[in-house]
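Sequence positions, counted from 1, serve as the residue numbers for this chain.
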Amino acid sequence: GALFGVLPHGPAPVALPAVDLWWRLFICFWRLFLFVLKAFCFLSVFVTGAAEMNLELLESFGQNYPEEADGTLDCISMALTCTFNRWGTLLAVGCNDGRIVIWDFLTRGIAKIISAHIHPVCSLSWSRDGHKLVSASTDNIVSQWDVLTGDCDQRFRFPSPILKLQYHPRDMNQVLVCPMKSAPVLLTLSDSKHALLPVDDDSDLNVVAAFDRRGEYIYTGNAKGKILVLNTETQELVASFRVTTGTSNTTAIKSIEFARKGSCFLINTADRIIRVYDGREILTCGRDGEPEPMQKLQDLVNRTPWKRCCFSGDGEYIVAGSARQHALYIWEKSIGNLVKILHGTRGELLLDVAWHPVRPIIASISSGVVSIWAQNQVENWSAFAPDFKELDENVEYEERESEFDIEDEDKSEPEQTGADAAEDEEVDVTSVDPIPAFCSSDEELEDFKALLYLPIAPEVEDPEENPFAPPPPETTVDDGSAPNAAGDRKQRHPSPEGAPPKKKIRTTTIELQGVPSDEVHPLLGVKGDSKSKKKAAGRPKGSKGKDKDSPFRPKVSRDRVEGLGMPGNLVSAVFKPHEMPGLD
């Protein structure tokens with residue numbers, strides 16, 4: 001009564017002793033404490049109940065970007081560039097010894113190795129259905145490959161190094177190539193013809209280009225900050241604008257990247273700012289327009305220059321790799337705030353970054369190793385079973401009456417409701433619904449001819465003798481006689497039965513007027529080292545001294561050199577691309 005009641009007051013104000021004052025202060029603080037305690041208890045019960053009721057709803061609003069490192073992919077060779085196919089099931093990695101390593105990204109294993117080039121691979125691009133792959137090497141050669149067989153369909157020889165190439169997003173017959181010191185080239189693979197794209201200034205040929213999301217337009221940018229939008233079919237100018245640095249000063253365009261979903265694209269410029277634009281606004285402004293970027297992303301503290309930028313699979317996030325160190329900056333596109341910085345090994349330089357088309361996974365390359373970044377997966381079994389309880393120790397389970405009986409004798413026969421009546425209906429288990437993540441916004445069905453996975457032969461350490469297998473080829477002893485030398489060579493290396501003869505690879509030389517032929521690819525040149533610019537990297541034809549037995553010296557196969565029009569006797573050793581077990 002004294003705690004919660006009101007203390008009596010006299011008819012007239014009188015001076016209270018000090019004990020009464022302290023007592024009233026104590027009661028006031030006590031009531032305040034009880035009020036706060038009740039409010040806290042009510043709030044905690046409300047939040048807990050809401051979280052349990054809306055658990056599935058809350059899970060869908062989780063962050064959709066990687067948080068930590070999730071291992072590495074060792075390609076045996078030094079990796080330089082990487083790219084995912086359209087579904088993210090295969091990852092193609094270009095290496096410095098000219099090989100293309102295709103990883104099965106679900107199993108994190110090597111699915112195929114294509115001995116593509118002699119020199120380092122600098123750019124890769126998948127076709128829409130995943131059956132073809134185009135690659136560019138530092139010796140100015142562009143090749144088209146059949147992913148299933150690993151055969152080269154055709155080659156193109158350019159006069160200058162290739163900075164970037166890209167398949168048309170919808171037409172497998174067209175490839176966009178960006179050579180150094182030249183206007184972008186649109187290749188037609190069926191008839192081996194090419195077309196030079198128009199540029200804004202003939203004296204400024206440091207041009208980058210990219211298809212938009214559906215390949216209807218080609219966006220080009222030069223060193224003076226001018227962006228041109230060209231119609232892909234007619235190569236006519238549709239729209240144009242200039243990127244400025246706040247004042248009238250212009251900045252060079254380093255790269256243009258489009259999101260897989262939506263109409264947004266980003267421009268990486270030399271002033272270390274990433275500008276995000278809406279493609280629909282660019283087309284609306286027309287020629288010499290002045291569109292404003294949706295977002296401007298930059299590192300205001302360190303003024304970091306960006307090596308490689310790209311969108312997430314859903315187009316809601318943007319990742320940029322630092323040109324100074326192995327660090328990945330992730331922004332949210334809608335707000336423009338920096339949400340995460342992923343730091344790799346200190347002292348490494350970043351070469352390439354690729355975001356998985358469907359999942360919140362990023363692949364980055366530094367020091368020749370592919371690093372994988374993913375989310376920290378936390379097991380939450382209550383999302384699948386609401387009555388699931390996690391136990392700290394074993395608990396003796398008490399079986400209920402007739403819980404595990406085949407038929408419950410004590411159970412009464414209920415009336416069949418709508419759900420029970422529909423139990424006898426036939427369920428369709430053969431038709432497959434299309435996965436929305438694999439379909440474009442203008443498509444209703446998936447591409448059933450697409451190549452999602454590559455078959456891998458199982459590796460058998462001790463195979464048993466197969467009585468139904470064909471007999472081994474006969475081998476003869478070479479006694480040094482000339483007539484039998486050729487026959488012995490054929491018997492030692494028998495060709496597989498029924499194998500078609502190896503077709504000759506068609507090589508087309510692309511002539512570009514006014515393009516210098518002595519340019520060196522940026523991957524081969526190092527600042528401050530004049531010798532490195534003259535020295536060709538990749539697979540050397542010959543060496544003396546210590547480099548002869550160096551483990552880093554790649555070897556070249558005879559048939560690959562002959563396919564490039566070079567004499568086979570220049571090769572000092574035969575390279576077998578499938579010497580590794582299990583990679584045939």
Asks: Does a side-chain heavy-atom distance below 4.5 Å link S371 with H326?
Replies: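 They are in side-chain contact.
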Asks: Taking I141's backbone N and O only, do any of them form a donor-acceptor pair with R155's side chain (distance below 3.5 Å, no angle check)?
Replies: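 No: the side chain of R155 does not pair with the backbone of I141.
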Asks: For R108 and D74, run salt bridge (Lys or Arg N to Asp or Glu O under 4.0 Å): C-alpha distance rounded to whole Å, both residues' side-chain angles, the deciding distance at 0.1 Å, then the answer.
Replies: CA-CA 10 Å; R108 302 285 177 92; D74 187 5; over 6 Å; no
Asks: Under a plain distance cut-off of 3.5 Å, with no hydrogens placed, do R359 and Q375 share a side-chain donor-acceptor pair?
Replies: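 No pair is found: no donor N or O on one side chain lies under 3.5 Å from an acceptor on the other.
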Asks: Just do the side-chain contact (heavy atoms from CB on, under 4.5 Å) check on I362 and L328 with the steps written out, would you?
Replies: CA-CA 9 Å; I362 295 176; L328 304 177; 3.9 Å; yes
Asks: Distance-only, no hydrogens or angles: does the S240 side chain make a donor-acceptor pair with backbone N or O of L228 under 3.5 Å?
Replies: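 No: the side chain of S240 does not pair with the backbone of L228.
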Asks: Are the side chains of V353 and C310 in contact, using a 4.5 Å heavy-atom criterion?
Replies: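 In contact.
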Asks: Looking just at side-chain N and O atoms, do T188 and H194 make a donor-acceptor pair shorter than 3.5 Å?
Replies: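 Note: T188 and H194 side chains miss the donor-acceptor criterion.
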Asks: Heavy-atom distance under 4.5 Å between the side chains of S255 and V208, does that happen here?
Replies: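 Answer no - side chains too far apart.
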Asks: Please check if the side chain of H117 supplies one atom and the backbone of H119 the other of a donor-acceptor pair under 3.5 Å.
Replies: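 Looks like no, no N/O pair under 3.5 Å.
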Asks: Under a plain distance cut-off of 3.5 Å, with no hydrogens placed, do Q144 and Y167 share a side-chain donor-acceptor pair?
Replies: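 Yes.
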Asks: Would Y219 and F265 count as a close aromatic pair, with their ring centres under 6.0 Å?
Replies: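 Yes, close enough.
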Asks: Can you confirm whether Y453 sits close enough to D104 that some side-chain heavy atom of one is under 4.5 Å from a side-chain heavy atom of the other?
Replies: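 The answer is yes, as the side chains (C-beta and beyond) meet within the 4.5 Å cut-off.
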Asks: Yes or no on salt bridge (Lys or Arg N to Asp or Glu O under 4.0 Å) for R170 and E216, after CA distance, side-chain angles and deciding distance?
Replies: CA-CA 9 Å; R170 298 295 175 92; E216 298 175 357; over 6 Å; no
Asks: Could you check whether the rings of H356 and F105 sit parallel, tilted or perpendicular, using 30° and 60° as the cut-offs?
Replies: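 Tilted, since the angle between the ring planes falls between 30° and 60°.
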Asks: Calculate, to the nearest 0.5 Å, the distance between atoms CE and CD belonging to M180 and E519 respectively.
Replies: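 If I round to the nearest 0.5 Å, the distance is 4.5 Å.
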Asks: Run the side-chain contact (heavy atoms from CB on, under 4.5 Å) check on D200 and K224 step by step: do they pass?
Replies: CA-CA 10 Å; D200 180 64; K224 296 181 180 180; 5.9 Å; no
Asks: Can you see which heavy atom on P159 is nearest to which on I510, and at what distance?
Replies: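 That closest heavy-atom pairing would be CD-O, 3.3 Å.
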Asks: Can you name the closest pair of heavy atoms from C309 and L266 and give their distance?
Replies: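 For C309 and L266, the tightest heavy-atom pair comes out as CB-CD1, 3.7 Å.
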Asks: Side-chain contact, heavy-atom cut-off 4.5 Å: V121 with L80?
Replies: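 No - every pair of side-chain heavy atoms lies 4.5 Å or more apart.
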Asks: Of all heavy-atom pairs between A210 and K164, which one has the smallest distance, and what is that distance?
Replies: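 It is CB-NZ, 3.4 Å.
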Asks: Can D314 and S312 be counted as having a side-chain donor-acceptor contact under 3.5 angstrom?
Replies: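 There is such a pair (donor and acceptor under 3.5 Å, judged by atom type) between the side chains of D314 and S312.
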Asks: SG/C95 to CD1/I100 distance, rounded to the nearest 0.5 angstrom?
Replies: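 So the gap between those two atoms works out to 9.0 Å.
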Asks: Using only heavy-atom distances, determine whether the side chains of Q154 and R506 contain a donor-acceptor pair under 3.5 Å.
Replies: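 Their side chains do contain a donor-acceptor pair, which is all the 3.5 Å distance test asks for.
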Asks: Would you check if there is a donor-acceptor pair between the side chains of R157 and T509 at a distance under 3.5 Å?
Replies: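 No pair is found: no donor N or O on one side chain lies under 3.5 Å from an acceptor on the other.
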Asks: If we ignore hydrogens and angles and just use 3.5 Å, is the side chain of T232 paired with the main-chain N or O of G215 as donor and acceptor?
Replies: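 Yes: the side chain of T232 pairs with the backbone of G215.
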Asks: Evaluate whether atom NZ of K307 has more than 12 neighbouring non-hydrogen atoms of other residues, nucleotides or ligands under 6.0 angstrom away.
Replies: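 Result for NZ/K307: open.
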Asks: Report yes or no: do T304 and R324 form a side-chain donor-acceptor pair below 3.5 Å?
Replies: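 Result is no, nothing qualifies.
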Asks: Using the rule given for ring-ring contact (aromatic ring centres under 6.0 Å, His included), can you reason through F84 versus W355, listing the C-alpha separation, both sets of side-chain angles and the distance that settles it, and then say yes or no?
Replies: CA-CA 8 Å; F84 285 99; W355 195 307; over 10 Å; no
Asks: Surrounding CD of Q235 (heavy atoms of other residues, nucleotides or ligands, distance under 6.0 Å), is the total greater than 12?
Replies: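 Atom CD in Q235 is packed in, count exceeds 12.
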Asks: Looking at side-chain heavy atoms only, is the closest gap between I110 and I102 below 4.5 Å?
Replies: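 A side-chain contact under 4.5 Å is absent here.
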Asks: For a quick test of reading the model, state the closest non-hydrogen atom pair linking S123 to L165 and the distance between them.
Replies: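 What the structure gives for the nearest pair is OG-N, 3.2 Å.
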Asks: Just verifying a value: how many Å separate D151 CG and I505 CD1, rounded to the nearest 0.5 Å?
Replies: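 D151 atom CG to I505 atom CD1 measures 8.0 Å (nearest 0.5 Å).
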Asks: On a heavy-atom basis, which atom in F158 and which in V142 lie closest, and how many Å separate them?
Replies: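 For F158 and V142, the tightest heavy-atom pair comes out as CE1-CG2, 3.8 Å.
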Asks: Count the heavy atoms belonging to other residues, nucleotides or ligands that lie under 6.0 Å from CD of E68, then report whether that count exceeds 12.
Replies: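 More than 12 heavy atoms, drawn from other residues, nucleotides or ligands, come within 6.0 Å of this atom.
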Asks: Run the ring-centre check on Y277 versus F241 and record whether the distance is less than 6.0 Å.
Replies: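 Centroid separation for Y277 and F241: below 6.0 Å.
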Asks: Which pair of heavy atoms, one from L338 and one from I330, lies closest together, and at what distance?
Replies: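 So the minimum-distance heavy-atom pair works out to CD1-O, 3.3 Å.
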Asks: Hey, does the side chain of N222 reach the backbone of K226 with a donor-acceptor pair shorter than 3.5 angstrom?
Replies: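 Checked: pair present.
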Asks: Would you say the side chains of W145 and S135 form a donor-acceptor pair under 3.5 Å?
Replies: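 Short answer, yes.
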Asks: If we ignore hydrogens and angles and just use 3.5 Å, is the side chain of T250 paired with the main-chain N or O of G225 as donor and acceptor?
Replies: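 No; judged by distance alone, with no hydrogens or angles, the pair does not exist.
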Asks: Do L454 and V147 have side chains that approach each other closer than 4.5 Å (heavy atoms only, starting at C-beta)?
Replies: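 SC-SC contact between L454 and V147 confirmed.
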Asks: Output, in order, the C-alpha distance, side-chain angles, deciding distance and verdict of side chain to side chain donor-acceptor pair (under 3.5 Å) for S77 and R99.
Replies: CA-CA 8 Å; S77 306; R99 292 190 293 181; 2.8 Å; yes
Asks: Could you verify whether a donor N or O on one side chain and an acceptor N or O on the other, from T138 and H521, lie under 3.5 Å apart?
Replies: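 Their side chains do not contain a donor-acceptor pair, so the 3.5 Å distance test is not met.
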Asks: Would you find a donor on one side and an acceptor on the other, under 3.5 Å apart, between the side chain of T89 and the backbone of L452?
Replies: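 Side chain of T89 to backbone of L452: a pair is present.
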Asks: Rounded to the nearest 0.5 Å, how far apart are NE2 of H343 and CD of Q325?
Replies: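 Output value for this atom pair is 6.5 Å.
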Asks: Is the charged tip of R260 near the ring of F258: under 6.0 Å from the six-membered ring centre and within 45° of its axis?
Replies: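 Negative - R260 is either too far from the ring of F258 or too far off its axis.
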Asks: Please determine whether side-chain contact (heavy atoms from CB on, under 4.5 Å) holds for the pair L197 and I218, giving the CA-CA distance in whole Å, both sets of side-chain angles, and the decisive distance to 0.1 Å.
Replies: CA-CA 9 Å; L197 300 181; I218 299 176; 3.8 Å; yes
Asks: Yes or no on side-chain contact (heavy atoms from CB on, under 4.5 Å) for T244 and N249, after CA distance, side-chain angles and deciding distance?
Replies: CA-CA 6 Å; T244 59; N249 298 330; over 6 Å; no
Asks: Quick one: which of L205, L196, L163, L176 gives a side chain to side chain contact (heavy atoms under 4.5 Å, CB included) with P184?
Replies: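 Among the candidates, only L176 passes.
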Asks: Assess whether side chain to side chain donor-acceptor pair (under 3.5 Å) is satisfied between T81 and D352, documenting all intermediate values.
Replies: CA-CA 6 Å; T81 181; D352 201 1; 2.8 Å; yes
Asks: Going by heavy atoms in the side chains, are W87 and V358 under 4.5 Å from each other?
Replies: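 A side-chain contact under 4.5 Å is absent here.
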Asks: Test your reading of the model: is there a side-chain donor-acceptor pair from R287 to the backbone of L237, 3.5 Å cut-off?
Replies: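 Yes; judged by distance alone, with no hydrogens or angles, the pair exists.
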Asks: Compute whether any side-chain donor of one residue and acceptor of the other, for W126 and T83, lie under 3.5 angstrom apart.
Replies: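 The criterion, which ignores hydrogens and geometry beyond distance, is not satisfied for T83 and W126.
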Asks: I'd like to know if the side chain of K112 and the backbone of L148 have a donor-acceptor N/O pair within less than 3.5 Å.
Replies: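 It does hold such a pair.
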Asks: At what distance, to the nearest 0.5 angstrom, does OG of S364 lie from CG of L350?
Replies: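 Here the rounded value is 6.0 Å.
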Asks: Without hydrogens or angle criteria, can the side chains of R280 and S263 be said to hold a donor-acceptor pair below 3.5 Å?
Replies: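 Note: R280 and S263 side chains meet the donor-acceptor criterion.
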Asks: Could you tell me whether the side chain of D146 and the main chain of G150 form a donor-acceptor pair under 3.5 Å?
Replies: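 Side chain of D146 to backbone of G150: no pair is present.
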